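A quick note: this is a predicted structure, and the numbers were derived from the prediction, not measured. Chain A is the first sequence line, chain B the second, and so forth, proteins listed ahead of strands; every chain is numbered from 1.
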Amino acid sequence: MIFRRRDGFSHADRARIVLAILFAVLVFLPFLWALRLSIQQTHSTYVSLLPGRDDITIANFTQLLTDAVFLRWILNSVIFATSVTLGNIVFAPLAGYALAKRRLPGSNFLFLFVIAMWILPYQVTLIPLFIGLSRAGLVNTFPGLILPLIVDPLAVLLMRQFMVSIPATYEEAAIIDGCNRLQSFFRITLPMSTAAIMVVSVTIFMFAWGDLILPLVLTNSERMTVLTVGVAQFSFGDFTDWGRTMAAAIIGSVPTILLFLVLNKYFFRGIVIGEGIKG
Amino acid sequence: MANTTLRTRNTIIDGAFLLPALLLLVVFRLLPGMFTAIASFTKWPVIGSPEFIGLANFRTLIEDTHFHQALFNTLHYSAMLIPVLVAGSLALALFIVSFVRAQAALKMIHYLPMVIPLSITAVIWKVGIYSPFGAVNQILSELGMQQIQFLRADYARQSIALTMVWRQLGFWALMYIAGLSGIPRSFYESAVVDGATYVQRFFFITWPLLKPVTLLVTILTTIASFRVFGIVYAMTGGGPSGATKTLLYYSYELGWQDFRMGYGSTVAFVFLLIVLALNAVQRWLIGDSNDL
């Protein structure tokens with residue numbers, strides 16, 4: 001038969017599809033098992049592959065979501081991640097614009113400085129940062145947690161990279177029409193950069209929501225614990241309440257997974273813009 | 001004249017736009033970074049002020065078996081992760097682009113692990129896969145076979161590396177897919193006309209044209225493998241007996257568990273020098289393009 005039926009698959013196609021499904025199963029396996037563990041209350045070290053009908057319960061989730069300590073972790077993570085994201089949305093487009101225009105004296109040096117700050121791993125700044133913030137009385141406070149990340153050099157570079165690609169003619173046209181420089185930025189360049197701002201938002205939010213080391217070293221009180229630190233410490237010690245731990249892990253992953261499902265095109269576009277930053 | 005005032009006004013506006021970000025970067029990145037370099041030459045107990053002791057910390061470093069182990073572990077992570085991530089993500093990228101209708105869905109599926117916070121991924125793998133009640137061990141039990149202790153000293157680094165591969169493979173594959181989309185279709189079409197096989201098309205078109213992406217992925221995965229921290233903290237706490245500890249983790253331990261701020265800074269400083277050296281290699285290999 002020369003012509004395949006429209007929905008017909010060759011043997012090679014079938015093999016590829018089976019392989020694709022196998023890979024997807026490998027990606028999902030840890031989630032699926034986490035889900036399976038989370039819907040049963042911990043009572044033994046033996047776990048059947050599927051829970052018995054009587055064992056299925058959402059008690060782990062309801063207990064966590066009514067537990068004041070756990071809710072406090074969620075609230076802390078929300079405050080931390082959204083403040084860091086908002087800070088970057090305010091500062092990065094402004095700085096990125098100034099760098100893209102290259103009108104400042106020493107603009108090349110300033111650009112290289114931001115690249116250098118991006119290359120500098122922030123993990124090596126932690127000891128002096130901790131000492132400085134504790135002298136300023138900012139350890140265990142939200143300002144102390146948020147300020148070190150409020151301008152991420154990567155966000156500035158992403159904005160600059162995007163704004164360089166906007167032709168100058170748009171702003172020139174606006175100025176001929178009577179806009180001043182500020183208006184031409186706020187009415188033309190900024191609205192045109194919405195996609196890049198979205199890329200920065202999802203990138204920074206994901207990063208801040210998942211950050212562990214900074215909250216770990218800059219907070220040490222129960223009241224300031226964020227979700228990533230709290231959930232990690234859930235699984236410490238000899239006995240693991242696997243049902244509750246997995247329920248907590250699932251709740252902690254939901255915000256970023258939802259964000260990804262809704263805004264996935266900005267995640268992918270970030271890779272393309274990011275690929276240009278070879279630093 | 002009008003031109004000069006316009007230029008001045010532009011300078012003022014641009015300066016005002018850049019200044020806040022610049023100040024924050026100086027205060028929260030540059031100064032602490034420089035201070036780490038300085039502090040690495042001091043003895044600095046957490047209560048009290050740093051005392052300059054010259055190169056003593058670096059001499060300690062050379063004889064410190066914990067440092068040797070952390071350095072060895074870090075290099076071992078790199079040796080495991082870099083080849084697997086680079087070759088694996090290229091293979092995955094080629095596999096994904098071979099699908100037409102399912103491509104978007106496959107991209108999303110394989111990016112998904114990257115979306116989950118790292119420390120939570122570590123907990124899911126620790127409890128859900130590697131523990132006695134993890135998926136693998138429960139299946140082994142069902143089959144009447146002996147359980148595997150994934151996180152004991154002689155497997156722990158491999159187990160952590162496996163989780164890292166699971167997390168990152170799809171992300172780097174998307175990097176390759178972005179690179180693949182830049183190769184003109186006509187190259188492949190004329191190769192097919194000339195009778196080139198799939199393998200020939202890969203080695204004569206895809207591989208050479210993807211070389212910049214391969215270099216980029218290699219360097220970025222190298223840097224990522226040096227920065228391993230969160231997964232170690234959440235999964236093993238550096239143990240058992242230091243088997244999974246990295247340079248970064250050791251620096252954290254010195255600073256926040258032993259309160260040796262000076263020596264902790266020395267380890268962080270050495271880590272910084274390694275990352276900077278890797279960046280220099282990257283610039284040298286890829287070429288220092290000024291268009292960022």
Side-chain angles (χ1 to χ4, degrees), chain A residues 16 20 24 27 29-30 33-34 37 45 47 49 91 94-95 97-98 101 103-104 110 117 119-125 127-129 147-148 150-151 153 156 161 181-182 206 209-210 212-213 217 228 231-232 235 240 242 245-246 249 252-253 256-257 260 264 267-268 271-272 275-278, chain B residues 9-11 13-15 17-18 20-21 24-25 28-30 32-33 35-36 39 98 106 108-113 115-120 123-129 131-133 135 138 142 174-175 178 216 227 229-230 233-234 248 255-256 261 264-265 268 271-272 275 279 286 289 292:
Chain A
R16 272 174 44 234
V27 169
L29 183 69
W33 193 253
L37 290 177
T45 54
V47 185
L49 286 184
F91 292 117
L94 296 173
Y97 177 80
K101 287 295 160 193
R103 291 183 298 221
L104 283 171
L110 293 170
M117 291 304 100
I119 292 170
L120 178 80
Y122 76 103
Q123 293 95 335
V124 307
T125 65
I127 288 175
L129 197 61
L147 278 169
I150 206 160
V151 176
V156 176
Q161 183 76 359
R181 281 285 164 191
L182 273 179
M206 286 259 308
W209 185 267
L212 176 81
I213 193 166
V217 303
T228 45
V231 172
S235 67
T240 306
W242 40 260
T245 307
M246 290 297 95
S253 319
T256 44
I257 290 179
F260 172 66
N264 66 78
F267 286 77
F268 297 150
I271 290 180
V272 179
E275 209 197 345
I277 306 177
K278 289 172 181 158
Chain B
R9 282 193 58 183
N10 283 343
T11 309
I13 289 172
D14 287 2
F17 277 15
L18 190 58
L24 286 161
L25 284 178
F28 291 104
R29 299 259 165 157
L30 181 66
F35 212 88
T36 296
S98 78
L106 287 175
M108 281 188 67
I109 289 170
H110 288 280
Y111 192 98
L112 200 60
V115 170
I116 299 176
L118 179 59
S119 65
I120 287 182
V123 171
I124 288 179
W125 273 75
K126 180 186 179 184
V127 178
I129 301 288
S131 74
F133 13 87
Q138 290 302 322
E142 296 277 333
L174 283 171
M175 209 90 160
L216 183 67
R227 289 188 183 192
F229 174 85
Y233 174 83
L248 208 51
W256 276 270
M261 297 294 185
S265 298
F271 167 77
L272 174 65
V275 172
N279 260 284
I286 296 181
S289 58
L292 200 87

Heavy-atom check, side chain of A/Leu182 versus side chain of B/Phe17, under 4.5 Å
yes
Nearest-0.5 Å distance, CD of residue A/Gln123 to CG of residue A/Leu129:
12.0 Å
Look only at the side chain of A/Trp33 and the backbone of B/Ile124, and say whether a donor-acceptor pair between them is shorter than 3.5 Å.
no
Highest number of heavy-atom pairs under 4.5 Å with chain B: which of A/Thr245, A/Leu29, A/Val27?
A/Val27
Is the ring pair A/Phe268/A/Phe260 parallel, tilted or perpendicular, if the boundaries are 30 and 60 degrees?
perpendicular
Can you tell me which of A/Val231, A/Leu110, A/Leu37, A/Leu104 forms the most heavy-atom pairs within a distance under 4.5 Å of chain B?
A/Leu104
Heavy-atom distance under 4.5 Å to chain A: side chain of B/Phe35, backbone, both or neither?
both
Who among B/Trp125, B/Tyr233, B/Phe271 has the most heavy-atom pairs with chain A under 4.5 Å?
B/Tyr233
Are any of the side-chain heavy atoms of B/Tyr111 and A/Asn264 separated by less than 4.5 Å?
no
Using a cut-off of under 4.5 Å for heavy-atom pairs, which of A/Ala24, A/Ala232, A/Pro30 has the most such pairs with chain B?
A/Pro30
Checking B/Val275 against chain A: side chain, backbone, both or neither under 4.5 Å from a heavy atom?
side chain
Side chain, backbone, both or neither of A/Ile127 within contact of chain B (heavy atoms, under 4.5 Å)
both
Return the option, out of B/Asn10, B/Leu112, B/Leu30, with the maximum number of heavy-atom pairs under 4.5 Å with chain A.
B/Asn10
Residue selection (most heavy-atom pairs with chain A, distance under 4.5 Å) from B/Ile13, B/Leu106, B/Leu248, B/Leu25
B/Leu25
Heavy-atom proximity to chain A below 4.5 Å, by part of B/Ser98
both
Part of A/Ile150 lying under 4.5 Å from any heavy atom of chain B:
side chain
Minimum heavy-atom separation for B/Pro117 and A/Gly210, please, with both atom names.
CB-CA, 3.7 Å
Counting C-beta onward and ignoring hydrogens, is there a side-chain heavy-atom pair between A/Arg181 and B/Arg9 closer than 4.5 Å?
no
So what's closer than 4.5 Å to chain A heavy atoms on B/Ala135: side chain, backbone, both or neither?
both
Under 4.5 Å from a heavy atom of chain B, the part of A/Ala34 involved
side chain
Engaged part of A/Met117 at the chain B interface, taking heavy atoms whose separation is under 4.5 Å:
both
Which one, A/Val217, A/Ile257, A/Thr228, leads in non-hydrogen pairs under 4.5 Å with chain B?
A/Val217
Select, from A/Pro148, A/Ala249, A/Ser253, the one with the greatest count of heavy-atom pairs under 4.5 Å involving chain B.
A/Pro148
Does any non-hydrogen side-chain atom of A/Tyr122 lie less than 4.5 Å from one of A/Ile213?
yes
Could you check which of B/Thr36, B/Val115, B/Thr11 has the highest count of heavy-atom pairs closer than 4.5 Å to chain A?
B/Val115
Can you find a heavy atom in the side chain of A/Thr125 that is under 4.5 Å from one in the side chain of B/Phe28?
no
A/Pro128 and B/Pro32 have their tightest heavy-atom pair at CG-O, 3.2 Å
Between A/Met246 and B/Val123, is any pair of side-chain heavy atoms under 4.5 Å apart?
yes
Highest number of heavy-atom pairs under 4.5 Å with chain B among A/Ala20, A/Gly252, A/Pro153, A/Pro121 belongs to A/Pro121
If I measure from the heavy atoms of chain B, does A/Leu94 come under 4.5 Å with its side chain, its backbone, both, or neither?
both
Chain A heavy atoms under 4.5 Å from B/Ile109: which part of the residue, side chain, backbone, both or neither?
both
Look at A/Lys101 together with B/Asp14 and state whether they make a salt bridge at an N to O cut-off of under 4.0 Å.
no
